[in-house]
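Because only heavy atoms are used, hydrogens play no part in the values below, and waters and symmetry mates are left out as well, while side chains stay in. As the structure lists them, so they are numbered: ligands from 1, and atoms in each ligand from 1. This one's a predicted model, so the numbers in the text were calculated from it and none came from an experiment.
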Amino acid sequence: MRKPFVAGNWKMHGSKAMIAELLTGLTAGWKQADSVDVAVCPPAIYIDYVRRTLGSAPIAVGAQNMSDQPAYGAFTGEISAPMLKEFDCRYVILGHSERRALYGEDDDFIARKVEVALDAKLTPILCVGETLEEREAGITERVIERQLQAVIDRVGGEAFGDIVIAYEPVWAIGTGKTATPEQAQAVHAFIRERIAMLSADAAERMIIQYGGSVKPNNAEALFSQPDIDGGLIGGASLKAEDFLAICNAAAKVKG
Ligand code: PGA
């Protein structure tokens with residue numbers, strides 16, 4: 001049985017005051033750590049503050065991005081995997097569609113980062129997903145396959161047992177439009193089958209989150225699908241009440 005995993009992607013939101021309030025709500029309200037893994041991914045500058053504020057609460061911390069360079073060096077503005085580890089990050093989101101679209105990150109660049117994260121024992125949350133045009137052109141699976149293949153070429157199939165995948169249809173991110181549970185399940189099953197061709201064991205262990213306008217009112221239906229193991233939550237992760245409701249929905253249907 002896979003333990004469901006819900007992560008909050010705060011994107012470029014937050015202030016010390018806002019974070020203090022959010023974490024007070026989350027630490028007071030989160031009671032189901034035995035059945036669901038939960039993480040928050042703040043902007044990098046707040047990682048240490050979040051980690052210290054969380055104390056011993058059963059909520060992990062992740063980063064939203066990371067350098068493709070494995071260690072230290074002349075890479076102005078970058079943050080390396082060992083730096084994230086030093087501040088107790090467990091996860092790192094890689095290949096988010098905003099980084100692909102706005103910052104020109106391509107499949108191979110993202111695959112390199114996945115390898116660097118794995119080498120540093122950080123768990124990558126690898127985001128994949130198609131645009132609206134790609135879905136309408138009927139090439140969703142081809143796009144996902146290409147995004148996965150770049151990572152497979154670098155780290156092989158077995159490594160996917162230590163990778164979290166977030167299927168995030170680009171047209172559903174921040175738009176209020178969610179994939180239907182059936183649409184999402186179809187892509188999740190495709191992803192798991194693709195990895196199973198290389199390693200049945202990794203495919204069985206691999207967590208596949210759904211992301212894209214997950215809200216308290218649609219989380220349960222999405223998480224009820226057999227291959228949806230949790231969610232990567234943007235907007236709704238900024239309100240303690242909403243994020244807790246989503247985490248509790250995962251515990252209810254999968255716990
Ligand atoms: P959203 O974002 O929940 O606001 O749609 C999800 C994401 O981008 O990870």
Side-chain angles (χ1 to χ4, degrees), residues 4-14 18-19 22 26 36-44 46-47 50 59-66 89-105 110 113-114 117 122-132 134-135 140 143-144 147-148 163-181 183-185 187-188 191 207-223 225 228-250:
F5 174 38
V6 178
N9 172 12
W10 293 358
K11 309 193 180 185
M12 199 172 75
H13 293 289
M18 178 273 215
I19 291 169
L22 177 56
L26 293 184
V36 180
D37 286 328
V38 169
V40 292
C41 304
Y46 292 116
I47 285 172
V50 168
I59 297 175
V61 177
Q64 298 176 15
N65 187 25
M66 185 198 76
C89 273
R90 192 173 308 163
Y91 302 96
V92 57
I93 299 172
L94 296 174
H96 190 280
S97 67
E98 285 150 19
R99 299 227 50 97
R100 292 178 189 263
L102 304 174
Y103 300 98
E105 297 197 6
I110 293 158
K113 293 189 185 193
V114 170
L122 273 167
T123 300
I125 301 176
L126 169 66
C127 301
V128 298
E130 81 289 0
T131 63
L132 185 59
E134 289 162 343
R135 174 160 285 265
T140 296
V143 170
I144 308 277
Q147 293 169 335
L148 290 176
I163 293 174
V164 172
I165 293 189
Y167 167 56
E168 299 205 306
V170 179
W171 48 272
I173 296 176
T175 58
K177 275 191 226 156
T178 321
T180 65
Q183 278 174 326
Q185 165 59 25
V187 177
H188 282 231
I191 293 169
I207 297 290
I208 312 179
Q209 297 176 320
Y210 168 81
S213 299
V214 179
K215 305 289 176 202
N217 65 4
N218 59 26
E220 203 176 309
L222 286 158
F223 298 161
Q225 297 293 324
I228 301 184
D229 308 314
L232 183 57
I233 319 300
S237 71
L238 298 170
K239 269 186 67 187
E241 191 189 340
D242 288 357
F243 191 58
L244 285 169
I246 292 168
C247 296
N248 285 327

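The shortest heavy-atom distance from S213 to ligand 1 is under 4.0 Å. Using 4.0 Å as the threshold, S97 has no heavy atom nearer than that to any atom of ligand 1. Using a 4.0 Å cutoff on heavy atoms, G212 counts as a contact of ligand 1.
How far CD of E168 is from CD of Q209: 8.0 Å, rounded to the nearest 0.5 Å. Atom OH of Y210 is separated from atom CG of D229 by 14.5 Å, given to the nearest 0.5 angstrom. Note that the CG atom of L232 and the SG atom of C127 stand 5.5 Å from one another [nearest 0.5 Å].
Proximity to A172 (heavy-atom distance under 4.0 Å) selects the following atoms of ligand 1: 5 (O). Atom numbering of ligand 1 starts at 1 in the shown order; those under 4.0 Å from a heavy atom of K11 are 2 (O), 7 (C), 8 (O). Listed by number with element, the atoms of ligand 1 under 4.0 Å from a non-hydrogen atom of H96 are 7 (C), 8 (O), 9 (O). Listed by number with element, the atoms of ligand 1 under 4.0 Å from a non-hydrogen atom of E168 are 6 (C), 7 (C), 8 (O), 9 (O).
Closest heavy-atom contact between L222 and V214: CD1-CG2, 4.2 Å. A236 and I233 make their closest contact through CB-CG2, 3.7 Å (heavy atoms, listed as atom of the first residue, atom of the second, distance). T140 and R135 make their closest contact through OG1-CA, 3.4 Å (heavy atoms, listed as atom of the first residue, atom of the second, distance). For K11 against G234, the heavy-atom pair with the smallest separation is CE-CA, 4.4 Å.
Below 3.5 Å of separation, one finds no N or O of I173 facing any N or O of ligand 1. Annotation: K215 places no N or O atom under 3.5 Å from an N or O atom of ligand 1; distance criterion only. Looking at G174 next to ligand 1, an N or O pair under 3.5 Å apart turns up. Note: no N/O pair closer than 3.5 Å links E98 and ligand 1 by distance alone.
A parallel orientation is assigned to the rings of F5 and Y91, their planes being inclined by less than 30° (bins at 30° and 60°).
Atom 4 (O) of ligand 1 has its closest protein heavy atom at G235 N, 2.9 Å. Counting only heavy atoms of the protein, atom 3 (O) of ligand 1 lies nearest to G234 N, 2.9 Å.
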Trace of the side-chain contact (heavy atoms from CB on, under 4.5 Å) decision for Q64 with N9 = CA-CA 7 Å; Q64 298 176 15; N9 172 12; 3.7 Å; yes
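Neither the backbone nor the side chain of A166 has any atom closer than 4.0 Å to an atom of ligand 1 (non-hydrogen atoms only).
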